[in-house]
Structures are given as C-alpha cells and as structure tokens.
A.B. asks: 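Here you go, one structure.
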Amino acid sequence: MTFKAEYIWIDGTEPTAKLRSKTRILADGADIPLWGFDGSSTNQAGGHSSDLVLKPVFTCPDPIRGGDSVLVLCEVLHPDMTPHASNTRALLTEVAERYADQDSWFGIEQEYTFFKEGRPLGFPLGGFPAPQGGYYCGVGADEVFGRDIVELHLDRCLAAGLKISGINAEVMPGQWEFQIGPAGPVEVADHMWVARWLLYRTAEEFDVAATLDAKPVKGDWNGAGAHTNFSTRAMREGYEPIITACEALGEGDKPLEHVKNYGHGIEDRLTGHHETAPWDKYSYGVSDRGASVRIPWQVEVDRKGYIEDRRPNANVDPYVVTRLIVDTCCSALEKAGQV
C-alpha cells in the first residue's frame, strides 16, 4: 500500500515568490524523506548546478486527495544542507528562538482577489460594477462573487488542521479574506503558506485564479493587505508594553525597513486613502484604520491585548513579516524590561 505526498515549497521568483509543488508516492508507514528539484526552473539556481534539496518542515492531511495523502511544506536547502537564499523561514526560526521566552502570538488577515478571464470576479465585461460600499461582508448574488470557492477552501483548511479562524467578503467584488491564527511566528507562517496553496488549488478547480496583488484594480478601490496582529505575553497582560511595541515600530529607520519588506507594490496601496496610512509616514492610534498600526478600542479599555500592523501587503512573505515584527518589538520590550 502507498500514499501520496504533495511537496510544497516557495520559489525564487522576484519581486514576489511563487508556490511550487509536486507529488511523491511513498510506502505506507514511511517517514517523509528529503527530496530534490531543479532549481534552474524555479529561479533558484543556474543550469550548471541546479540540484536543490526539499527539507520537510510541516506536514498535514491533504484535504483534496483525502485518505492517507499529506501536504508537505518544505524549506529549500543547498546540497550541503545550508539554507538557500530564498529560504526566509530559516531566518525567522533564528529570531523566533532568540525571543521564544516572550511567547509571541500572531494572527494574519489574508486578503485576496479572484480573477476570471482577465478581470475580477463580478466585474462586468468592459466596464465596472457599482462603487464599493455594499460588498464588504455582503450577501446576495448582486454583491458577493465566489462564495462557493471560499466555503470549499475554508472546509479544506479545517480538514487539514490549519489554524484558520474566519472568512469574510471584502470591499471589492471578487475580493475576500481569511484569517490564520492565533499562533506563534513560525507556525502562523507555515499555516499561511499551506492555506495559500490550498486557495490556489481550490480556485483552479473552478477555472478561477486567486491573486495576492496589492492593488488589483487601479482607481477608487481598496487594495489587498495582510493586516498582521501581534502580541507578546507582556502585551497580553498590560498596556505599557503595547505602547512600547508601537513606539519601537516607528523608531529611526524601522518604518522604512519594514515597509521595504512588506510586499511588492506597497506604494500603490499605502497611499493615505482607502483605510491606509501613507507608506512613508509612520503613525499609530486607537481604533484608527488610517494609521500604520492600530490599537483596537477594546485593548485600550482592557489595558491589555494586541496591536495590528496594517501595512503588510497581501503578497507579503509571512516568514518575513513575523521575523521583522518579533525582532523589532521583542528587542525593544527586552530593553525596557517588559518581558
């Protein structure tokens, strides 16, 4: 008897990496082994030395094939077992381990847009739908498009055991969101990458493409983000550490460092309009969706909780955004003795 293992990895495409996958047939009871691939076909190696290694790091049930089949998320290594330059997970694990005692939690809100025949799902041929307003968390065939795909994707994420915590329609036709978390920095990123793979794979069955483009439609339409909620144990127990974290994210060259690594096309999305702060100005505030970082109103009332970094694009690498936030905030909290 055998089972199917779908090996999934992140490639070296720039400016935004793509997901790749391929299937291996394994004997029942077998461990998930290292595997390899041709890096010259994934923008990760030259043809003269193209062998790269897939190292399994997270395995879950495959909700599409069912049975004993599994999905296998992998890191990319060189043949000498050192991390490839595209392996952003390896950089995250170092930082996550350094500040593990602060018990960081993340929740990432993944917005995305369905496209069919070159236009967003729900957009009429050669024109535009009614302005945004009724689409957000909407209901009805005149305002919601692609729900059958979204519901199937949700069910598959649950069947895979991913920490998916919700879904909702977004502000533009064909635009949706799902949330992963709460979870630690490595776990939330692993689950997000697998959830993205399941999204693409599920939409494929409907002949629809799902895109993480930060500004899928120019003009007076919201972009697509990956709002990132963050807390440490100290932040979940008191308000002063929350202010310390917000201040740290705005200190010195930190705003530019983060924004530069928060996804391609960020200047098109962070314009100061459509519930965003300008990409080149840092701010934070209570209940302010026009700020770079929002402190939810309930957090101010309770004097404890979490913050929401509203700057990351939908196409951000979750390994990168969690690494940057942990490094910036946890180092500041450690320095302030708020751990």
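Just so it is clear, the model here is predicted, and its values are computed rather than measured. These numbers come from the heavy atoms of this one structure, side chains and all, not from hydrogens, waters or symmetry mates.
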A.B. asks: For Ala226, is there any backbone N or O sitting under 3.5 Å from a side-chain donor or acceptor partner on Thr228?
C.D. replies: yes
A.B. asks: Is Arg310 reaching over with its side chain to a backbone N or O of Gly225, donor-acceptor style, under 3.5 angstrom?
C.D. replies: no
A.B. asks: Counting heavy atoms not belonging to Asp31, are there more than 12 under 6.0 Å from its CG?
C.D. replies: no
A.B. asks: For Arg20 and Asp11: C-alpha separation, side-chain torsions, deciding distance, then whether salt bridge (charged side-chain N to carboxylate O under 4.0 Å, His left out) applies.
C.D. replies: CA-CA 7 Å; Arg20 308 279 183 145; Asp11 77 0; 2.9 Å; yes
A.B. asks: I'd like to know whether the aromatic ring centres of Trp279 and Tyr262 sit less than 6.0 Å apart in this structure.
C.D. replies: no
A.B. asks: What about Trp221 and Phe123, are their ring centers closer than 6.0 Å?
C.D. replies: yes
A.B. asks: Any donor and acceptor pair, going by atom type alone, linking the side chain of Ser69 with main-chain N or O of Arg65 inside 3.5 Å?
C.D. replies: no
A.B. asks: Using the rule that Ile, Leu, Val, Met, Phe, Trp and Tyr join whenever any side-chain heavy atoms are under 4.5 Å apart, tell me whether Val95 and Met235 fall into a single cluster.
C.D. replies: yes
A.B. asks: Among Glu111, Arg269, Lys215, exactly one meets side-chain hydrogen bond (donor to acceptor under 3.5 Å, both in side chains) together with Asn313. Which residue is that?
C.D. replies: Arg269
A.B. asks: Side-chain contact test, heavy atoms from C-beta onward, threshold under 4.5 Å: evaluate it for His258 versus Tyr282 and give yes or no.
C.D. replies: no
A.B. asks: Is Trp9 reachable from Leu34 through a run of hydrophobic residues whose side-chain heavy atoms are each under 4.5 Å from the next?
C.D. replies: no
A.B. asks: Can you name the one residue among Thr93, Asn87, Thr88 that meets side-chain hydrogen bond (donor to acceptor under 3.5 Å, both in side chains) with Glu75?
C.D. replies: Asn87
A.B. asks: Between the side chain of Asp309 and the main-chain N/O of Arg311, is any donor-acceptor distance below 3.5 Å?
C.D. replies: yes
A.B. asks: Sequence neighbours left out, what pairs pass side-chain hydrogen bond (donor to acceptor under 3.5 Å, both in side chains) with at least one residue falling in residues 129-154?
C.D. replies: Gln132-Asn222
A.B. asks: Using 0.5 Å steps for rounding, measure from the CD1 atom of Ile10 to the CZ atom of Arg196.
C.D. replies: 9.0 Å
A.B. asks: Can you measure from CZ (Arg236) to OG (Ser231) and round to the nearest 0.5 angstrom?
C.D. replies: 4.0 Å
A.B. asks: Quick one, Asp190 and Arg89 - any side-chain contact, counting heavy atoms below 4.5 Å?
C.D. replies: yes
A.B. asks: Would one find more than 12 heavy atoms of other residues, nucleotides or ligands at under 6.0 Å from atom CD of Glu240?
C.D. replies: no
A.B. asks: Hey, does the side chain of Thr23 reach the backbone of Glu6 with a donor-acceptor pair shorter than 3.5 angstrom?
C.D. replies: no
A.B. asks: Is it the case that over 12 heavy atoms from other parts of the model lie below 6.0 angstrom from the NZ atom of Lys116?
C.D. replies: yes
A.B. asks: Between Asn43 (side chain) and Gly12 (backbone), is there a donor-acceptor pair under 3.5 Å?
C.D. replies: no
A.B. asks: Are Trp193 and Val76 connected in a single hydrophobic cluster, I mean Ile/Leu/Val/Met/Phe/Trp/Tyr linked by side-chain heavy atoms less than 4.5 Å apart?
C.D. replies: no
A.B. asks: Asn315 side chain to His264 main-chain N or O, any donor-acceptor pair under 3.5 Å?
C.D. replies: yes
A.B. asks: Under the rule for ring-ring contact (aromatic ring centres under 6.0 Å, His included), what residues qualify as partners of His78, not counting sequence neighbours?
C.D. replies: His84
